[in-house]
Amino acid sequence: MTTEPDSLVRELSSPSVWPDSAVNAPGGDVSLAGVSLAELAERHGTPVYVLDETEVRSRARAWRRALPDAEVVYAAKAFVCRAVVDWMAEEGLGLDVCSAGELELAATRGFPPERVVLHGNAKSPRDLRTALRIGVGRIVIDSDCEIARIASQVPKGAAQKVLVRVLPGIEAGAHRKIRTGAEGQKFGLSIAGGDAEDAVVRVLGQPGLALAGLHCHLGSQITSTEPYGEAVRRVVAFLARIRDRHGVTLPEVDLGGGFAAAYLPGDAAPSPEAYGRRITEELSAACADFAYPLPRLMVEPGRSIMAPAGVALYRVLSVKRTGAQVFVAVDGGMSDNPRPALYGARYTVRMVGRTTAAPMRATTVVGRHCEAGDILAEDVELPEDVRPGDVLAVPASGAYQVSMASGYNMTGRPPVVAVSGGRSRLLLRRETFEDQKARDVGV
Ligand code: LLP
């Protein structure tokens, strides 16, 4: 398909929130990795999520380049399927999983188990059984009561590597619901309150557990590098305290994820290089201050790898003018993207596949679900003549949308199509009524 120069997209839409390969194409279309979005909407139906494989891989690589001595562990919760597991394996990343399901998926592709980190504030018996059977590299301890439970399941003579998740007492992240570094929420063991130290002592007393280090995850969509600097200082101070009081020098620090993605043009989203530089500089400085040997670093980016690579496509079902407001309702909504309703997340929207000379006007794009809060994007600029049948594209849709999609109103979860080098392939098919009916076994 013929594509036009990049500069055109830059004029018409918001370059910073589109994958690098996005270019304007004739007829008001946008092509991604050389594949027409309008054609994909036609072929797969809508809503459909399109994932630019090259964008995912190059972002994964950017993290590895930014922290060449660190282990970069992709947070599968952002979005995972078998192809993504393969991409991460090929790019040399590890995998952060938080359920037996994610673990089993990784195992079906032969993902190296030693590169898997298991998380969870409440790991189920099945999670732990699966992790120990598969032989994950690390289990992150998030509560006192799982210490003995994990230890008791480790075969005699063996030792499972674990990290203790500490709470540094830092407030960071885009929304209260995704801030996990501050006191007073369910994750981690408080450094200030002494719980982290108690847990470290208990883990050290378990022969079935090998304490490799500390973990800390501050929150998500953190748009500044500063909180990471502060976290590093607090974690290293705590490592030094453990060494001084308990005589052990722990060799690993996992700083979690939380690195921001741009959803709106101009959104702050520091590069992996910027986060990486800040983290390594602070780590060196803090270790020098405490005469602590430089620990091996781990990071767990999810959103910053996946969000910018995804574009959601919807078809307009209705246009309604209510007073001064224009509601454009599409064939998806909070069942495939609960983020606006949950966190007040904002997106840009662009029409694709039709040209128009109509002026732009402020529009609210809403979903088709039975709630007034089912709003996908408020106050976005769309052509005045937008009408049923038009295709709308929502960039920055690769993370925490399909992975959080629900069965609400039985509309069926959307398919995911990967594009690369001018070709597309279906990764996840649409959930059908047959799928839904098959689970309904009660009559
Ligand atoms: N590591 C741990 C332990 C985590 O809990 C998370 C995300 C990550 C890494 C990856 O964070 P990221 O780099 O993707 O920010 N559903 C919310 C985000 C929840 C994040 C949960 N934990 C949203 O849509 O904004």
Side-chain angles (χ1 to χ4, degrees), residues 56 59-60 62-63 66-67 70-80 84 88 93-99 102 116-123 127 138-143 163-168 172-182 185-189 214-225 227-228 231 253-263 267 269-272 275-276 279 297-310 312 334 336-347 376 394 396-406:
V56 174
R59 286 176 175 274
W63 270 107
L67 289 166
E71 238 170 280
V72 180
V73 178
Y74 170 66
K77 63 206 85 185
F79 172 67
V80 75
V84 168
M88 295 307 156
L93 275 73
L95 211 58
D96 147 5
V97 300
C98 58
S99 70
E102 290 177 351
V116 175
V117 181
L118 176 71
H119 278 285
N121 68 304
K123 298 169 195 77
D127 296 340
R138 289 162 195 78
I139 298 178
V140 180
I141 300 217
D142 195 314
S143 84
L163 303 172
V164 167
R165 178 163 176 172
V166 301
L167 199 56
H175 189 277
R176 182 182 56 78
K177 291 175 189 163
I178 52 173
R179 286 182 202 133
T180 50
Q185 48 74 50
K186 69 175 185 173
F187 290 102
L189 293 148
L214 303 179
H215 177 279
C216 126
H217 172 71
L218 296 175
S220 205
Q221 187 63 4
I222 298 170
T223 52
S224 147
T225 61
Y228 292 94
V253 166
D254 183 335
L255 285 178
F259 314 103
Y263 286 89
D267 273 359
S271 62
Y275 285 114
I279 289 169
L297 185 68
M298 296 163 77
V299 288
E300 301 171 339
R303 185 196 310 271
S304 67
I305 290 176
M306 205 49 80
M334 67 194 298
D336 63 88
N337 184 4
R339 303 194 64 258
L342 275 174
Y343 321 113
R346 307 282 310 273
Y347 289 85
L376 278 176
V394 181
S397 286
Y400 300 112
Q401 294 180 205
V402 173
S403 68
M404 293 174 75
S406 73

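Just so you know, these numbers use all the heavy atoms, side chains as well, and skip hydrogens, waters and symmetry mates. Nothing fancy with the numbering, it's 1 onward along the sequence. From a predicted model like this one, the values you see are computed outputs, not experimental measurements. Order of appearance sets the numbers: ligands from 1, and atoms from 1 within every ligand.
- Here D142 contributes atom CG and L167 contributes atom CG; the two are 9.0 Å apart, rounded to the nearest 0.5 Å.
- A side-chain N or O of Q401 and one of Y347 form a donor-acceptor pair less than 3.5 Å apart.
- Sorted by chain then number, the residues whose non-hydrogen atoms approach ligand 1 to under 4.0 Å are A75, K77, D96, H119, R165, I178, H215, H217, S220, G257, G258, F259, E300, P301, G302, R303, R339, Y343, Y400, M404.
- Here the NZ atom belonging to K177 is positioned 14.0 Å from the OG atom belonging to S220, to the nearest 0.5 angstrom.
- Under the 30°/60° scheme for interplanar angles, the aromatic rings of F259 and W63 are found to be tilted.
- Checked against a 6.0 Å centroid threshold, the rings of H217 and H119 do not count as neighbours.
- Between the side chains of R303 and Y263, at least one donor N or O sits under 3.5 Å from an acceptor N or O.
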